[in-house]
There are 2 protein chains.
Amino acid sequence: MSGQKHKTIRDVASLARVSTATVSRVLNGTGTVRPRTAERVQQALTQLGYVPNGWAQAMAVGNGINLMGMVVPDIQNPFFAAIYAGVSEEVRSHGMIIWMANSGDDPAQERTELYSLQRYRPHGIVLTPTHLTENLAVIEKIPTPVCLVDRRLAVDQWDLVLIDNKHGARQAAKTLIEAGHRDVAILAGPQDTTPGRERFEGFREVLQEEGLALPPAYVGLGDFRESSGYRIGRELLSLDHPPTAIFSCNNLMTMGLLQAIQATPGASLGESVSVIGFDDIPISTFTTPPLTVVSRPMKEMGIQAGRLILDRMDHPTRAKETIILMPHLVIRGSERLAAAKPRV
Amino acid sequence: MSGQKHKTIRDVASLARVSTATVSRVLNGTGTVRPRTAERVQQALTQLGYVPNGWAQAMAVGNGINLMGMVVPDIQNPFFAAIYAGVSEEVRSHGMIIWMANSGDDPAQERTELYSLQRYRPHGIVLTPTHLTENLAVIEKIPTPVCLVDRRLAVDQWDLVLIDNKHGARQAAKTLIEAGHRDVAILAGPQDTTPGRERFEGFREVLQEEGLALPPAYVGLGDFRESSGYRIGRELLSLDHPPTAIFSCNNLMTMGLLQAIQATPGASLGESVSVIGFDDIPISTFTTPPLTVVSRPMKEMGIQAGRLILDRMDHPTRAKETIILMPHLVIRGSERLAAAKPRV
DNA sequence: GCTCAAAATGATAACGCTTACTTTTTGTAT
DNA sequence: ATACAAAAAGTAAGCGTTATCATTTTGAGC
């Protein structure tokens, strides 16, 4: 039911007719307690359904609870969900639990979330910052190990787990061109984030190297959300001279883009337009043709971040470490039009 | 960085040359402090980057932190993710944060998670129990409002948010039959859970009413996981006389089933076999034909659960409430074979 | 039965904060 | 200047634990 209050160690102590210290000893297996007494305490414990108060314990012991904080732009995004899974896997063995918070990619909200998180004194924080500079001062003040994931900050002072975005984008661009495409568009992410910028750069570089033009109309600036993928997808496809291939810079925008293709009369994946997406998504094997994507070791990123934080907890002064993981292309067919002949 | 410790209210007090009580007053806006003093305190506050210790606050005030607990079988499952979103939306306005835990559909793990959750004294717990009876004793001892979502317990003592599973399953079965199918199979869930049982029942009822046989070979007992959907899907499709339609009882198994169809030579969604799934999934609009599903108001379930808990926090003694939400069929095409003619 | 070390238990001070309650300061009326 | 109420600031208890120390109990050896 719900009326009662939680029992305290004092309730247990008085029921078992011992001092709170003895109950505590039984609970934690510290010190020595006579079997007879321990038995009485155990009985009181189960009879009352006592569960120790975690905060009080943490305060008494003085080193907080085994809490790991995590602040990411969007928990619902499978990419961050996978990072969560990785961090979780890595720290679980240390008896840690994870406190997830959502910054909504908004610096103000990020500030709020970092603040409320710190109120509960986590042992470390895994952070995907929303902005290069906006919250630098706040983050610098955090007296707890911080590990940045997926995005840098303007100051290079923290442990870092990154993806070689440029490399991934270059592979995508090259693959599209090798598949015969000349009119290649990009559905880019926000240019004030590292992933957004780096993927755009890699893409543009390849086009330049191959001597292909990138007209302004073929550059769609999205916000990494599904809605912008749809909107920009519709725009690109309704151009007088629509692109024959689109590189979409993240998973959610790819979802939107695919819907835009379905919604545009005459447009058809693999028939009139090719797509390569950045990040694998659950649907990628179910489209026709299946989706070619740049895939990153998402869970591995979380594992590394967790490892870096745990490591820094033990060695607070070691030099910052930067881990750059490589994405790889998963070719499934959507990079190529049914009609097109490979250049070979 | 990371070396330092968190500042305490005492650090602030001594820097501002006031007592801790005054700092507390400034922090909480209680009592009266002269502007000059408040100014000094504010300065110390920001200079030290002080963040109050949430547990200590909660303990001093004596009513815990604004924590809502949530224990579900699988956080990764979009269904529970949506419930989370609903609960989150409902309780956020009360300044609450949510502590998510994963029971893995395993009673032992559920027990563990409920225990660790209670250590942090949540104001309420939203629970999708793993088993009808296994953890009854534990759950009855929880001295905090509990609201069950999606599944009942053997004892009917808690607030409840359910779906009319039978109704949804009946709709699915009827629709398949109306589309001309006579050989209809079911990919059922575990029969020791309410959703698993009720969906099976509804399905079986309709077949009986329509005078159709349900041979044992057409009943696949899965465990609500993708792998079992795949395995059983392969089995059903490789029967000498395979079904022409399959009703899959949850989202993950549907994913597995779709993969099984793709992997089976000669099988093809909408050509050789029709599918209706229970629960909408992101991929449902991307398959060809798009997937017909029984869709439930998932987020709404979370909202209701959140509401019930908040309500019970204010009225601990009110009678238990049961909310049953209706699923509805979303017809997209996969319930019908391309060759088949509607019976009309 | 008595002694005395060893073992078991109890009393109590933290931990960081809030909040009655008490004391000091302020400012106004004389 | 003095008195005095009101306002501001300080003191200390308490929230539920653990850990240190002090005290009591136990039981072995005589």
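Note that this is a predicted model, so its numbers are computed, not measured. Naming: A, B, ... by sequence-line order, numbering from 1 per chain.
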J.: Any pair with a residue in residues 100-110 of chain B that passes salt bridge (charged side-chain N to carboxylate O under 4.0 Å, His left out), sequence neighbours left out, goes on the list, sorted by first then second residue, please.
T.: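 Pairs touching residues 100-110 of chain B that pass the test: B:D105-B:R151.
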J.: Look at A:D156 together with A:R152 and state whether they make a salt bridge at an N to O cut-off of under 4.0 Å.
T.: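 So A:D156 pairs with A:R152 through a salt bridge.
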J.: Do A:I139 and A:L153 touch side chain to side chain, with heavy atoms closer than 4.5 Å?
T.: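 Contact flag for A:I139/A:L153 side chains = yes.
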J.: Side chains of A:Q43 and A:R40: donor-acceptor distance under 3.5 Å anywhere?
T.: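 Per modelled atom types, A:Q43 and A:R40 side chains form no pair under 3.5 Å.
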J.: Over how many whole Å does the gap from B:K5 atom NZ to C:dG16 atom C1' extend?
T.: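 The answer, rounded to whole Å, is 11 Å.
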J.: At under 4.0 Å between heavy atoms, how does the protein contact nucleotides 5-15 of chain D? Give one character per nucleotide, 5' to 3', with B, S or -.
T.: ---SBBB--BB
J.: Strictly below 4.0 Å, heavy-atom distances to any atom of DNA chain C: list the hits from residues 113-122 of chain B, or just say none.
T.: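 Those residues whose heavy atoms fall under 4.0 Å from DNA chain C, taken from residues 113-122 of chain B, amount to none.
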J.: Could you give the CD1-to-P distance, from A:I9 to D:dA19, as a whole number of Å?
T.: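 Rounding to the nearest Å, CD1 of A:I9 and P of D:dA19 are 11 Å apart.
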J.: What's the separation between atom CE in B:M70 and atom CD in B:E113, rounded to the nearest 0.5 Å?
T.: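 Those atoms lie 13.5 Å apart.
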J.: To the nearest Å, give me how far apart CG (B:N53) and C1' (C:dG16) are.
T.: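 From B:N53 CG to C:dG16 C1': 6 Å.
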J.: Does the side chain of B:T37 reach to within under 4.5 Å of the side chain of B:T22, using non-hydrogen atoms?
T.: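 They are in side-chain contact.
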J.: Working to the nearest 0.5 Å, report the span between CD of B:Q118 and OH of A:Y50.
T.: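 So the gap between those two atoms works out to 12.0 Å.
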J.: Can you find a pair of side-chain heavy atoms, one from B:D192 and one from B:L132, that are under 4.5 Å apart?
T.: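 The answer is no; the side chains never approach within 4.5 Å.
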J.: Check whether any side-chain nitrogen or oxygen of B:Y50 sits under 4.0 Å from OP1 or OP2 of C:dG16, and answer yes or no.
T.: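 Negative; the distance criterion is not met.
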J.: Between A:N28 and D:dT18, is there a side-chain N or O to OP1/OP2 distance below 4.0 Å?
T.: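 Answer yes for this pair, as a side-chain N or O of A:N28 is under 4.0 Å from OP1 or OP2.
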